[in-house]
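The structure under discussion appears below in the form of structure tokens.
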Amino acid sequence: QVQLVESGGGLVQAGTSLRLSCAASGGTFTNYRLGWFRQAPGKERDFVAAISQNENYTFYGESLKGRFTISRDNAQNTVYLQMNSVKPDDTAVYYCAASTDIGPLISALRRGSWGQGTQVTVSS
């Protein structure tokens with residue numbers, strides 16, 4: 001079972017950039033599809049972005065492509081989320097997820113392993 005640890009969150013101003021990291025251990029990193037989700041207070045955990053094992057395929061939540069970019073470094077066992085032009089609506093706890101399930105991507109990630117989350121707060 002892979003263990004995931006997110007970092008890079010914090011308090012930032014609207015319009016700036018932030019990069020989140022998620023370090024994995026305890027599994028064969030290249031076997032995992034990876035993703036990011038976020039959960040704002042009182043709301044459901046929403047899909048943000050995902051990336052395939054070989055980095056050839058990325059997928060983004062509605063309206064996030066163009067501002068957010070997911071990437072992975074298989075040599076460092078780390079997945080990243082680059083967040084540009086952040087908005088107050090991006091305020092949430094951001095979680096990374098990993099799955100070896102070959103089923104539908106978002107569902108597979110939801111059933112996979114999760115990190116503890118990192119708080120991102122965007123001030124206006």
Side-chain angles (χ1 to χ4, degrees):
Q1 187 83 351
V2 66
Q3 289 82 48
L4 304 169
V5 179
E6 300 95 335
S7 61
L11 173 62
V12 296
Q13 288 190 330
T16 62
S17 297
L18 193 66
R19 189 177 79 159
L20 306 182
S21 301
C22 175
S25 61
T28 303
F29 189 70
T30 51
N31 287 346
Y32 288 90
R33 305 156 91 182
L34 302 167
W36 289 93
F37 292 74
R38 66 184 183 183
Q39 188 167 20
K43 296 189 177 181
E44 295 183 350
R45 190 172 296 188
D46 292 333
F47 171 74
V48 173
I51 189 166
S52 61
Q53 293 92 325
N54 59 8
E55 307 175 65
N56 286 349
Y57 177 75
T58 56
F59 183 59
Y60 294 90
E62 186 176 350
S63 78
L64 296 177
K65 188 175 183 179
R67 290 198 302 124
F68 290 9
T69 302
I70 188 171
S71 62
R72 63 190 291 166
D73 185 337
N74 286 342
Q76 298 295 324
N77 289 2
T78 302
V79 59
Y80 303 98
L81 184 68
Q82 178 69 40
M83 304 167 60
N84 296 330
S85 302
V86 296
K87 306 174 181 179
D89 284 349
D90 294 324
T91 295
V93 178
Y94 283 72
Y95 299 90
C96 68
S99 176
T100 58
D101 190 333
I102 61 172
L105 177 58
I106 297 175
S107 298
L109 288 170
R110 289 190 183 276
R111 293 192 299 270
S113 300
W114 291 88
Q116 84 290 347
T118 185
Q119 175 71 48
V120 172
T121 304
V122 181
S123 63
S124 57

Search all heavy atoms of [X] against all heavy atoms of [Y] and return the closest pair with its distance.
| X | Y | value |
| --- | --- | --- |
| Gly61 | Phe47 | N-CE2, 3.5 Å |
| Val120 | Leu20 | CG2-CD2, 3.9 Å |
| Leu18 | Gly9 | CD2-CA, 4.4 Å |
| Ala24 | Val2 | CB-CG2, 3.8 Å |
| Pro88 | Ala14 | CD-CB, 4.0 Å |
| Thr78 | Ser21 | CG2-CB, 4.2 Å |

Give, for atom [atom1] of [X] and atom [atom2] of [Y], the distance between the pair rounded to the nearest 0.5 Å.
| X | Y | atom1 | atom2 | value |
| --- | --- | --- | --- | --- |
| Glu6 | Gln116 | CD | CD | 4.5 Å |
| Asp90 | Leu64 | CG | CG | 7.0 Å |
| Gln119 | Leu11 | CD | CG | 9.5 Å |
| Gln13 | Ser124 | CD | OG | 9.5 Å |
| Gln53 | Thr100 | CD | OG1 | 8.5 Å |
| Leu4 | Asn77 | CG | CG | 10.5 Å |

Using the side chain to side chain contact (heavy atoms under 4.5 Å, CB included) rule, take Met83 and Val12 through it: C-alpha gap first, then chi angles, then the decisive distance, then the call.
-> CA-CA 11 Å; Met83 304 167 60; Val12 296; over 6 Å; no
Arg72 to Tyr32, cation-pi by 6.0 Å centre distance and 45° axis angle | no
Assess Arg19 against Tyr80: is NZ or CZ under 6.0 Å from the centre of the six-membered ring, and within 45 degrees of the ring's axis?
-> yes
Should Ile51 and Trp36 be counted in the same cluster of Ile, Leu, Val, Met, Phe, Trp and Tyr side chains packed under 4.5 Å apart?
-> yes
Cluster question for you: counting only ILVMFWY and a side-chain heavy-atom cut-off of under 4.5 Å, with indirect links fine, are Ile70 and Trp114 together?
-> no
Would a distance-only check, ignoring hydrogens and angles, find a side-chain to backbone donor-acceptor pair under 3.5 Å from Thr91 to Val122?
->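 Indeed, once roles are kept as given, a pair shorter than 3.5 Å links the two residues.
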Would you find a donor on one side and an acceptor on the other, under 3.5 Å apart, between the side chain of Ser99 and the backbone of Gly112?
-> no
For Tyr94 and Cys22, what are the C-alpha separation, side-chain angles and deciding distance, and is it a side chain to side chain contact (heavy atoms under 4.5 Å, CB included)?
-> CA-CA 10 Å; Tyr94 283 72; Cys22 175; over 6 Å; no
Looking at Phe68, Phe59, Tyr60, which one forms a side-chain contact (heavy atoms from CB on, under 4.5 Å) with Val48?
-> Phe68
Answer yes if the side chains of Ser113 and Gln1 hold a donor-acceptor pair under 3.5 Å, and no otherwise.
-> yes
Should Lys65 and Thr58 count as side-chain neighbours, where that means a heavy-atom distance under 4.5 Å?
-> no
Under 4.5 Å between any side-chain heavy atoms of Gln82 and Ser17, yes or no?
->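 Yes, at least one pair of side-chain atoms sits under 4.5 Å.
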